[in-house]
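Structure, as structure tokens:
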Amino acid sequence: MNTELRQEQERLDCVMETISKQISKKEGETSKRRKEVVNIRKNFWDDVKVNTDTFDDYLETIIGLRQQAQALSVSQSTHRYAFNRLSVLHRMQEIPYFGRIDFIENGTSEVESIYIGVSTLTDTIGENFLIYDWRAPISSVYYDYPPGSAEYVTPEGVVHGLLDKKWQYIIRGGIIDSMFDTSLTIGDEILQQVLGKGTDKQMHSIVATIQREQNQIIRHDRGRLLIVQGAAGSGKTSAALQRIAYLLYKYREWLKADQIILFSPNSMFNSYVSNVLPELGEENMQQVTFQEYLDHRLSNTFQVEDPYEQLEYVLTATDDTSYRTRTASIRFKASTHFFETIKSYRHSLELSGMLFKGIKFRGKPIVTAKQIADRFYNSDTSLRFHNRLEKLTEWLNERIDETEKLELTKPWVQEEIELLSKDEYQKAYNYLQKKQGFTEDSFDDYERESKVLGRMIVRKKLKPLRKWIRALRFVDFTGIYKQLFVDPTQIKPWIAGNTPKEWEDICLLTLEMLGEGKLLYEDATPFLLLKELIQGFQTNVSIKHVLVDEAQDYSPFQFEFLKRLFPSAKMTVLGDFNQAIFAHASEMVNFHTLTGLYGTDETDAINLTRSYRSTRPITEFTRGLVPGGEGIIAFDRDGEKPVLSQLSDRVELHSCIATKVTDLKKQRYNSIAIICKSAVESKEAYDALRNIDHIKLVNSGSIKYEQGVVVIPAYLAKGIEFDAVIIYDASEQVYGDESLRRLFYTACTRAMHHLQIYSVGEPSPFLLNVAPESFSLI
């Protein structure tokens with residue numbers, strides 16, 4: 001061992017000892033705090049004197065409760081902090097740090113060695129930093145600069161200096177396995193080792209291998225919108241998750257994990273990325289799919305189609321007579337053009353067009369739909385639209401009040417009273433005693449008793465109607481949306497420009513689906529927008545940051561909606577337009593169309609062109625599949641060329657796949673994906689290959705990402721990587737249409753180490769654009 005390595009090992013030994021001491025201390029503190037929490041919970045009411053005899057006694061009780069609750073909250077918070085810190089220290093025992101910079105600040109001659117890890121560590125007296133958190137301002141020098149002049153930004157200003165040296169470490173079990181003096185951001189030796197490993201069932205943090213361009217994403221802190229266009233495997237999702245950790249660190253005084261929301265492609269992806277933030281000692285942010293939000297808002301009214309059902313139709317129903325109409329409908333309703341149309345239509349409702357539902361009680365009308373419409377358009381017309389609705393709600397509640405008085409004298413009320421069971425009667429008495437101070441003497445007066453019970457029964461019966469009115473259920477939102485399509489010419493006053501040539505057929509299709517109680521995916525967000533514009537937007541101002549992954553799968557319409565849904569939030573969108581596989585993709589053109597969301601002054605864009613996921617031969621092959629792919633830079637990790645095998649029929653295909661899977665298992669690949677075009681093809685493939693040991697079928701309902709051998713549609717594999725990928729059937733018959741090029745590219749770019757492509761018959765024409773020398777033909 002050379003002198004420098006020995007000195008570094010001695011320092012590491014001291015760091016490991018400090019970590020061990022702090023773990024021991026934190027374990028004692030965590031245990032103590034846990035006992036405190038349990039004790040306070042156990043004795044909560046014993047320590048509070050409950051007395052409500054007088055106002056002073058009541059006040060003393062409230063103060064006692066508040067103090068006890070505050071003590072519990074402080075103890076729980078302290079325990080949570082100690083527990084989280086203990087978890088971080090345990091992780092630091094495995095890898096205390098991964099890098100070091102020797103920095104000389106301008107105006108000094110002293111070289112300061114800065115060791116960088118997943119969290120800060122100070123010595124036992126807390127004065128000297130042994131390790132700096134990777135998110136600390138000075139740590140940015142490690143990611144952004146080669147040796148030479150460097151600077152970093154602090155709250156007090158910019159610090160200039162000289163980066164003398166930069167080191168990287170591989171530490172295992174408290175021993176320095178190797179260390180590199182490098183002028184690169186990340187030495188290829190470490191990156192090669194990380195990328196050369198097999199996949200895991202969950203994504204992990206990349207703080208030891210963050211590249212300069214990824215660091216730009218992580219530490220970006222300007223404007224309202226950050227757009228990240230990244231090639232497949234460029235690390236955009238990983239960088240986004242580290243970005244969340246960085247924001248939580250930098251703004252820890254006012255930003256909490258539950259104020260950040262990540263819109264992810266599916267539940268399986270949520271499972272895949274769920275480990276990253278806890279690895280860094282941070283709580284997970286909220287994770288949701290856009291479909292889950294739509295279901296939450298609309299599933300009580302409609303059967304809502306999900307995006308994968310829509311995509312499955314587009315991929316498999318090309319012979320359907322309505323196919324051209326449906327795809328035109330998807331494109332048009334995804335556009336900002338249609339967004340503005342919905343806004344104009346809502347504005348027109350101020351003068352005419354609002355539809356209402358009449359209100360009935362016990363089968364008889366209280367007020368008809370026409371009476372409600374007449375009231376809306378003939379009263380309070382000088383008020384703003386939402387104020388007119390509020391006034392209308394007040395008026396309807398007055399009609400309910402009148403109905404209550406009238407119903408009290410009806411025979412059915414007395415019948416209900418007589419039918420009360422003993423238990424119901426007792427419950428009524430208890431309720432009235434609690435609410436109105438009635439005593440047993442009060443119930444001795446039969447006439448008064450009947451009157452009180454009658455009012456209670458009538459109010460109980462009318463309560464659902466009051467709730468119905470409060471929720472604006474008397475507004476016929478479905479009917480109002482339908483009006484857009486009843487007469488194809490009616491849309492002209494609200495639309496700037498032309499409707500698609502298939503517009504009449506689009507109107508008929510939309511009305512047919514709405515009539516069946518179904519809401520197509522392309523209609524879900526427009527319907528919800530119209531509803532929100534009528535009743536008032538249910539905005540969420542508590543969310544401070546929104547991240548949208550696989551942003552190419554969202555329409556311009558949906559982005560406009562998200563902007564209004566989270567008015568106080570900044571937004572980070574990440575995606576790869578080469579993987580834009582939905583039918584509305586043509587409406588996006590590219591991510592620069594999103595600059596209109598907040599304006600160019602509030603928008604920044606970062607382009608990641610280097611792909612790290614796949615070996616160099618796989619990347620060189622896949623970049624030939626898409627226009628402009630020559631701009632994708634392959635990381636120099638060697639491997640085998642992709643293999644294309646042309647077969648005669650499905651029997652031979654299934655035999656070859658079974659043999660191939662056996663061979664890949666022998667090579668110790670942890671995850672092998674057999675990727676199909678659609679869910680229909682995936683089911684057929686799975687049924688034919690189910691004799692393969694432990695093979696699993698992944699569908700849109702799958703919640704967890706599974707390792708092993710999986711059969712999966714290409715659109716569900718997005719965002720996930722596999723050691724080996726088998727393209728089930730890349731024939732011209734399956735992938736012949738130009739609209740499927742990006743789907744095919746997406747499927748192929750899932751492979752980290754091995755890519756096998758099978759074709760039953762003539763291969764897809766997409767392969768004609770690929771350099772023949774970039775793959776092997778067997």
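In this text the structure is predicted, and so the values were computed from the model without any measurement.
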Note to self: In the structure I gave you, are the side-chain heavy atoms of Y169 and I95 within less than 4.5 Å of one another anywhere?
What the structure shows: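 In short, these two side chains do not touch, never coming nearer than 4.5 Å.
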
Exercise: identify the closest heavy-atom pair between [X] and [Y]:
X: G631; Y: T609; answer: O-CB, 3.5 Å
X: R219; Y: R135; answer: NH1-O, 3.3 Å
X: I674; Y: I695; answer: CD1-CD1, 4.1 Å
X: P627; Y: N578; answer: O-OD1, 4.2 Å
X: L716; Y: N699; answer: CD1-C, 3.2 Å

Classify the side-chain pair [X]/[Y] by whether it contains a donor and acceptor separated by less than 3.5 Å.
X: H754; Y: K660; value: yes
X: Q214; Y: Q216; value: no
X: E560; Y: T336; value: no

Margin query: Please check: side-chain N/O of Q229 versus main-chain N/O of F577, any donor-acceptor pairing under 3.5 Å?
Written below: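 Yes, Q229 side chain to F577 backbone: donor-acceptor pair under 3.5 Å.
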
If the plane angle is over 60° it's perpendicular, under 30° parallel, otherwise tilted; pick one for [X] and [Y].
X: Y293; Y: F561; answer: tilted
X: Y308; Y: F582; answer: tilted
X: F744; Y: F766; answer: tilted

Checklist line | Verdict with reasoning, I330 to Y313, per side-chain contact (heavy atoms from CB on, under 4.5 Å) | finding: CA-CA 11 Å; I330 292 169; Y313 175 87; 5.7 Å; no

Note to self: Check whether Y598 forms a cation-pi arrangement with K563 (NZ or CZ under 6.0 Å from the six-membered ring centre, at most 45° off the ring normal).
What the structure shows: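 Here K563 passes the 6.0 Å and 45° test against Y598.
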
Notebook entry, point to check: Quick one: does NZ or CZ of R212 land under 6.0 Å from the six-membered ring centre of Y145, within 45 degrees of the ring axis?
Noted result: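 Yes, a cation-pi geometry.
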
Next item on the list: Before giving the answer on salt bridge (charged side-chain N to carboxylate O under 4.0 Å, His left out), spell out for D729 and R650 the whole-Å C-alpha distance, their side-chain angles and the decisive distance to 0.1 Å.
Entry: CA-CA 9 Å; D729 184 4; R650 288 290 172 98; 3.2 Å; yes

Heavy atoms from other residues, nucleotides or ligands near [atom1] of [X] exceed 12 (cutoff 6.0 Å):
X: Q733; atom1: CD; value: no
X: L647; atom1: CG; value: yes
X: R324; atom1: CZ; value: no

Next item on the list: With sequence neighbours excluded, tell me which residues meet side-chain hydrogen bond (donor to acceptor under 3.5 Å, both in side chains) with K333.
Entry: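 If we apply the side-chain hydrogen bond (donor to acceptor under 3.5 Å, both in side chains) test to K333, skipping adjacent residues, the hits are S329, T510, D523.
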
Next item on the list: Apply side-chain contact (heavy atoms from CB on, under 4.5 Å) to R623 and list each qualifying residue two or more places apart in sequence or on a separate chain.
Entry: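 side-chain contact (heavy atoms from CB on, under 4.5 Å) check on R623 returns E620, I632.
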
